[in-house]
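One structure below.
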Amino acid sequence: MLSELPAWVPLGLAVAAVLASYLLWIHTHWARRGVPHARPRFLLGNLWDSAIQKRTHGSVLQDIYRQFDDQPFVGVYKALMTPVLLVKDPVLIQEVLVKNFGSFQNNETVFPAGKDEVFSDNPFMAEFERWKDLRTRMSQAFTPARVRLAFDDIAFSGQKLVDFLVATGDKTSLDGDVLVKRFTAHASVRVLFGLESNTLEPGKEPGPFYEMGHKLFNSDSFMVKLKFIAFFSCPSLLNILGYSFVNQDTLAFFRKLILDSVQYRAKEGITRDDFVDHAAKLILADGKVDDEALRSSTARAINAFVETFETAATSVAATLVLLAANPEVQGKLRAELRGAFPAGKLTTYDELLALPYLDCVCKEAMRYFPPGDTLRRCCTKPTTLRASTGETVSLRPGDAVYIGVQALHHDPAYYSHPDEFYPEHFSEEESAARPKCTYLAFSDGPRMCPGYRFGTLQVKVALASVLLHLEVLPAPELVLPPQRDPKATVMGILGGPWLRFRPI
Ligand code: HEM
C-alpha cells in the first residue's frame with residue numbers, strides 16, 4: 001500500500017512530524033521547566049497586542065501580572081514563542097537589577113559596535129564591556145555638581161516657556177508634547193552646547209534642534225518605525241532589518257554643530273565647562289581635526305541631546321495632563337510654589353528641590369505613567385533565582401527577564417490608591433512602608449538611569465515655572481481620563497496631550 005504513495009509523501013510526513021515536534025517544544029518551554037505561565041496564542045505568544053501596537057507593552061504585562069497574583073514569577077512568550085521570564089517579587093527584582101547584576105549585565109537588545117552611528121554608542125544599547133566606558137562618560141557629564149550648575153540655564157528656559165505661553169493666550173489648544181519638547185530642546189542646547197536656540201519664539205516654528213531631536217524617535221520613515229517595533233518586540237529581527245536608525249541629516253547637523261562650536265571657541269579663546277569643551281580636547285589635536293574623535297563626540301552629543309530632550313519631555317507633558325485633569329492637586333502645588341517663590345521667579349536649585357509636594361507630584365506622575373513601562377534584561381551568566389516564597393527558577397545566558405514597571409506601580413499591595421493620581425503615595429509614611437524596587441521610574445542598580453537628577457530637575461523647573469504663572473486646563477481635544485498611547489515609541493498620551501494655559 002505504502003509503495004503506491006508518491007515518493008514525496010513519506011518525506012512530507014517526516015517534515016511535518018519534525019515541525020510538529022518543534023512547535024510543541026517551543027510552546028512548552030515554561031511547562032517543561034515547571035514555571036507557571038500565561039497561555040500563549042499559537043506562534044504569536046502573549047505579547048502580540050503590544051507588538052502590533054494595539055495596547056501598550058506595560059498594560060499587556062500588567063494583565064498577566066494580575067492574573068498570576070500570588071506567583072513570584074511568570075513565564076511569558078513573545079512573538080515566535082521567544083520565552084521571557086516576568087519577575088514580580090520585589091526581592092527577585094532587586095536580585096536582577098542590583099544584587100546579582102553580574103548575571104544580568106546586558107539589556108535585552110544589544111547594538112553591535114558601529115552598526116548605528118549613534119545608538120551603538122548609547123549605554124542603554126551597549127553590551128557590558130563597551131557599556132562600562134560609555135556609561136562612565138555619560139555619568140561624568142551629569143554629575144550632581146554639573147546638574148546643580150545647570151539650574152540657571154534650565155530656569156532661564158523655564159521663563160522662556162512661560163513667556164511663550166503668556167503670548168499664546170488661553171484660546172489656543174497646544175499639543176503638550178510639542179510644547180514641552182520646545183522647552184527641553186531650549187534647555188538642552190544651552191546646557192550641552194552653550195548656545196541660545198530659537199525653539200521657544202512665540203508665533204514661530206520650533207526650529208532645527210526641535211526637528212532633529214523629534215526625528216530621532218519619531219521618524220517619518222516606515223523602515224525606522226518598523227525597526228523600533230522590532231527593537232521592543234522581536235529584537236532578533238534587527239539582524240534582518242538592520243540596526244541603522246539615525247538618518248544622515250541628523251548626523252550631519254550635529255557633526256557641523258560640534259565642529260563649528262569647537263573651532264569657534266578655540267579661535268575666540270572661550271572656555272565653558274560643558275560638552276563642547278570636553279569634545280574640543282579630544283577633537284583638536286595640535287590644531288588639526290581628529291576624525292574619529294569628531295565621530296565619537298558627535299555620537300555622544302546626539303545621545304546626550306536625545307536623552308535630555310525626549311524622556312523628560314514626555315514626563316512633563318504627561319504630568320501637565322494629569323494636573324489639568326486633577327485641578328485640586330494643581331491648586332495645592334501652586335500654593336506651595338507661591339509660598340516658596342513669592343516674586344514668581346525660581347531662585348535656587350536647593351529651594352526648588354526642597355519642596356516636598358512638588359517632589360511628590362513629580363514622583364506620582366512617573367508612577368502613574370512611567371516613561372519606561374518595562375525593564376528588559378538579558379541573563380549573562382547561569383543563575384538560579386530563589387523567591388521569598390521558596391520557588392526557584394534557573395536561567396541560562398541569553399534568557400530574557402522582564403520587570404513590569406507599570407504593573408508594579410499600579411499594584412494595590414504597594415500603593416494605597418493604585419489607579420488614582422494621588423501624590424500622597426510619596427508622603428514619608430507611605431514611602432517608608434513600601435518594599436525596595438517597587439518604584440522604578442528611573443530603575444535601580446548599576447544600569448539605573450544616569451540622568452535621573454538632570455531629568456528630575458528639568459521636570460521640576462518646567463512644572464514650577466508654568467504653575468507659578470498659568471493655570472493648566474484640559475483642551476477640548478484632550479481625551480479624559482488620560483491614557484497611554486500604544487503607538488508612541490517612548491511614551492505618549494492617547495489622542496495627544498492637548499492643553500490650554502490661562503495666565504493668572
Ligand atoms: C524624567 C526623565 C527620565 C526618565 C523617567 C528616565 C528613565 C530611565 C529608565 C527607566 C531607564 C532604564 C534603566 C534600566 O534599564 O534599568 C533609563 C536609562 C537611561 N537613561 Fe534615563 N530617564 C530620564 C532622563 C534621562 C536623562 C536626562 C538622561 C541623560 C543623561 C538619561 C540617560 C539615560 C541612559 C544613558 C540610560 C541607559 C543606562 C544604562 O543602560 O546604563 N535619562 N532612563
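In listed order, ligands and their atoms are each counted from 1.
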Ring-face cation contact, Y415 with R367, 6.0 Å cut, 45° max: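 That pair qualifies as a cation-pi contact.
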I'd like a table of donor-acceptor pairs (distance under 3.5 Å, sequence neighbours excluded) in which one partner is a side-chain atom from residues 248-255, with atom names and distances.
residue	atom	partner	partner atom	Å
T250	OG1	N247	OD1	2.8

Report every pair formed by an N or O atom of ligand 1 and a protein N or O atom separated by less than 3.5 Å, giving atom names and the distance to 0.1 Å.
residue	atom	partner	partner atom	Å
ligand 1	15 (O)	R377	NH1	2.9
ligand 1	16 (O)	R377	NH1	3.3
ligand 1	16 (O)	R377	NH2	2.6
ligand 1	16 (O)	S443	OG	2.5
ligand 1	40 (O)	R447	NH1	2.9
ligand 1	41 (O)	W131	NE1	2.6
ligand 1	41 (O)	R135	NH1	2.8

CZ/R272: more than 12 non-hydrogen atoms of other groups inside 6.0 Å: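 Count over threshold, so yes.
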Distance-only donor-acceptor check, side chains E307 and N122, under 3.5 Å: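 Note: E307 and N122 side chains meet the donor-acceptor criterion.
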Partner of R377 under side-chain hydrogen bond (donor to acceptor under 3.5 Å, both in side chains), chosen from N106, N107, D399: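 Exactly one option meets the side-chain hydrogen bond (donor to acceptor under 3.5 Å, both in side chains) with R377, and it is N107.
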Option from T374, L86, L440, L85 for which side chain to side chain contact (heavy atoms under 4.5 Å, CB included) with I403 holds: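 It is L440; the other options fail the test.
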